Amino acid sequence: MDLALLRTFVTVHRAGSFTRAAALLGLSQPAVTSQIRTLERQLGRPLFLRQARGVTPTTIGDELAYKAAPHLDALVEIAETGLDQDSSMRTLHLAGPPEFTAERALPALTALTGQDGHSYTLRASFGTAEEALEGLSAGHHELAISTAQPRGVLLTATPLCDEEHVLVAGERWAARIAPDRLRREGALPLDNLPVVEVHESLPFVSRYWAAVFDARPAASGAVIVPDLRAVLACTAAGAGLAVLPRYLCTEALDRGDIVALLDPAVPPLRTYFLAVRTGTLAMPHIARAHEWLLRAAADWA
């Protein structure tokens, strides 16, 4: 049986689509379709059921993938790493949200760029969860940090850490809101106050209001800027209220630049996932970075 046909088959099985598999393999869709048909003729059994969107593996297709994928991954590892001592010099492509990637992930991975002589070259891309996962699926990245858990078999995700959200304001607004009274009475005198956010839809504030107050905020965006570090700076300067990840604003809270307005018994959390394409953890440079980030995340809590 032709190994090239098996490689194409496993890629289609994981991608769930001839089109996406073709992009990952660097082939045309007709070439992928032709290879799958050739393999089906050799086996005398259909491997996929064609649907309006993508394909679904048959029972035989699932069985073949289960048997063949680990061995193909091992061969890819050999081909990717080679046999010489310079094989450890690899480029790692990482994608994730700008703030978390810059403040957490990249400092952790930078330690690998000279660790025990196994040097990495790091390349980072910033974007939304959807953009990071799409880039990972298309083969542009090798690791992706996302607040959305991917579905399907093409990508595999591991929970990385939870991020606590804090309702904060600068001193001027905190004095008007009286956070001590707010904590005691659990009142909600925060509506119609200016908000600093990353988008007009107020995603952080809306999520916080829903979790803590079981309500929708009647707030308006005073400053909209697509970077949480800028949201922090504007909030400290007195632009309004904001909801920020605790890791990002802890130092500002300690300095008194901003004030936490509430301390709910169950603070709102958001989970980050570390995603890879299924099978690529067989490659040492990806597996090492994956393990390194998971270890670092244990200290972030």
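All values below come from the heavy atoms of this structure, side chains included, with hydrogens, waters and symmetry mates left out. Computed from a predicted structure; not experimentally measured.
A continuous path of Ile, Leu, Val, Met, Phe, Trp and Tyr side chains, each step under 4.5 Å between heavy atoms, connects Val276 with Leu92, placing both in one hydrophobic cluster. Tracing side-chain contacts under 4.5 Å through hydrophobic residues (I, L, V, M, F, W, Y), one reaches Leu3 starting from Leu5; they form part of the same cluster. When hydrophobic clusters are built by joining Ile, Leu, Val, Met, Phe, Trp and Tyr residues whose side-chain heavy atoms come closer than 4.5 Å, directly or via intermediates, Leu106 is grouped together with Leu160. Linking ILVMFWY side-chain heavy atoms closer than 4.5 Å, directly or via other members, places Ile224 and Trp209 in a single hydrophobic cluster. Both Val212 and Val168 are members of a single hydrophobic cluster when ILVMFWY side chains are connected at heavy-atom separations under 4.5 Å.
Within the 3.5 Å criterion, the main-chain N or O of Thr278 finds a donor-acceptor partner in the side chain of Arg14. A donor-acceptor contact shorter than 3.5 Å links the side chain of Glu142 to the backbone of His93. Using a distance-only test at 3.5 Å, with no hydrogens or angles considered, a donor-acceptor pair links the side chain of Glu99 to the main chain of Leu228.
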Practice item. Kindly indicate, with the supporting measurements, whether the criterion side chain to side chain donor-acceptor pair (under 3.5 Å) is fulfilled by Ser34 and Arg37. Key: CA-CA 5 Å; Ser34 175; Arg37 286 176 176 170; over 6 Å; no

Practice item. Starting from the C-alpha separation in whole Å, work towards a yes-or-no answer on side chain to side chain donor-acceptor pair (under 3.5 Å) for Thr56 and Gln51. Key: CA-CA 7 Å; Thr56 301; Gln51 298 182 338; 3.1 Å; yes

Practice item. Apply side chain to side chain contact (heavy atoms under 4.5 Å, CB included) to the pair Leu294 and Thr158, showing each step before the final yes or no. Key: CA-CA 9 Å; Leu294 291 177; Thr158 305; 4.1 Å; yes

Check your understanding: When you look at Leu241 and Leu261, which way does the side chain to side chain contact (heavy atoms under 4.5 Å, CB included) test go after all the steps?
Key -> CA-CA 9 Å; Leu241 313 180; Leu261 301 178; 3.8 Å; yes

Review point. After noting the C-alpha distance and the side-chain angles of Leu167 and Val243, does the key distance pass the side chain to side chain contact (heavy atoms under 4.5 Å, CB included) rule?
Key: CA-CA 5 Å; Leu167 178 63; Val243 173; 3.9 Å; yes

Exercise for review: Applying side chain to side chain contact (heavy atoms under 4.5 Å, CB included), run through Glu164 and Arg270 and close with a yes or a no.
Suggested key: CA-CA 7 Å; Glu164 178 187 346; Arg270 183 169 66 165; over 6 Å; no

Exercise for review: Let me see the working for His199 and Glu197 under side chain to side chain donor-acceptor pair (under 3.5 Å), right down to the final yes or no.
Suggested key: CA-CA 6 Å; His199 191 269; Glu197 258 282 11; over 6 Å; no

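Across all their heavy atoms, Leu133 and Ala144 have their closest contact at CD2-CB, 4.5 Å. The minimum heavy-atom distance linking Asp62 with Pro57 is given by the pair OD1-CG, 3.2 Å.
Ring centers of Phe100 and Trp300: under 6.0 Å apart, within the cut-off.
For the pairing with Leu64, the side-chain contact (heavy atoms from CB on, under 4.5 Å) check across Leu47, Thr59, Val10 returns one residue only, Leu47.
Between Phe48 and Phe18, the ring planes are perpendicular. Angles over 60° get that label, and only those under 30° would be called parallel. Ring geometry, Phe9 versus His13: the interplanar angle falls from 30° to 60°, so the pair is classed tilted.
In this structure, the side chains of Leu274 and His290 come closer than 4.5 Å at one or more pairs of heavy atoms. Looking at Ser206 and Ser201, their side chains never come closer than 4.5 Å, going by heavy atoms from C-beta outward. In this structure, the side chains of Glu131 and Ser125 stay at 4.5 Å or more apart for every pair of heavy atoms. Side-chain contact check for Ile60 versus Pro46: every heavy-atom pair is 4.5 Å or farther apart. The side-chain heavy atoms of Leu112 and Leu122, taken from C-beta on, include no pair separated by under 4.5 Å. The shortest side-chain heavy-atom distance between His140 and Glu134 does not fall under the 4.5 Å cut-off. Using a 4.5 Å heavy-atom cutoff, the side chains of Pro264 and Tyr208 are in contact. Annotation: side chain of His141 is not in contact with side chain of Leu94 (no heavy-atom distance under 4.5 Å).
Arg277 and Thr280 share no side-chain donor-acceptor pair at under 3.5 Å. Side-chain contact, Tyr272 with Glu163: a donor N or O sits under 3.5 Å from an acceptor N or O.
Considering CG of Leu43 and CZ of Arg45, their distance stands at 9.0 Å, rounded to 0.5 Å. In this structure, the separation between CD1 on Ile286 and CD on Glu291 is 14.0 Å, given to the nearest 0.5 Å.
Within 6.0 Å of atom CG in Asp254, more than 12 heavy atoms from other residues, nucleotides or ligands are found, so the atom counts as buried in its surroundings. More than 12 heavy atoms of other shown residues, nucleotides or ligands fall within 6.0 angstrom of atom CZ in Arg50. At most 12 heavy atoms of other shown residues, nucleotides or ligands fall within 6.0 angstrom of atom CZ in Arg295.
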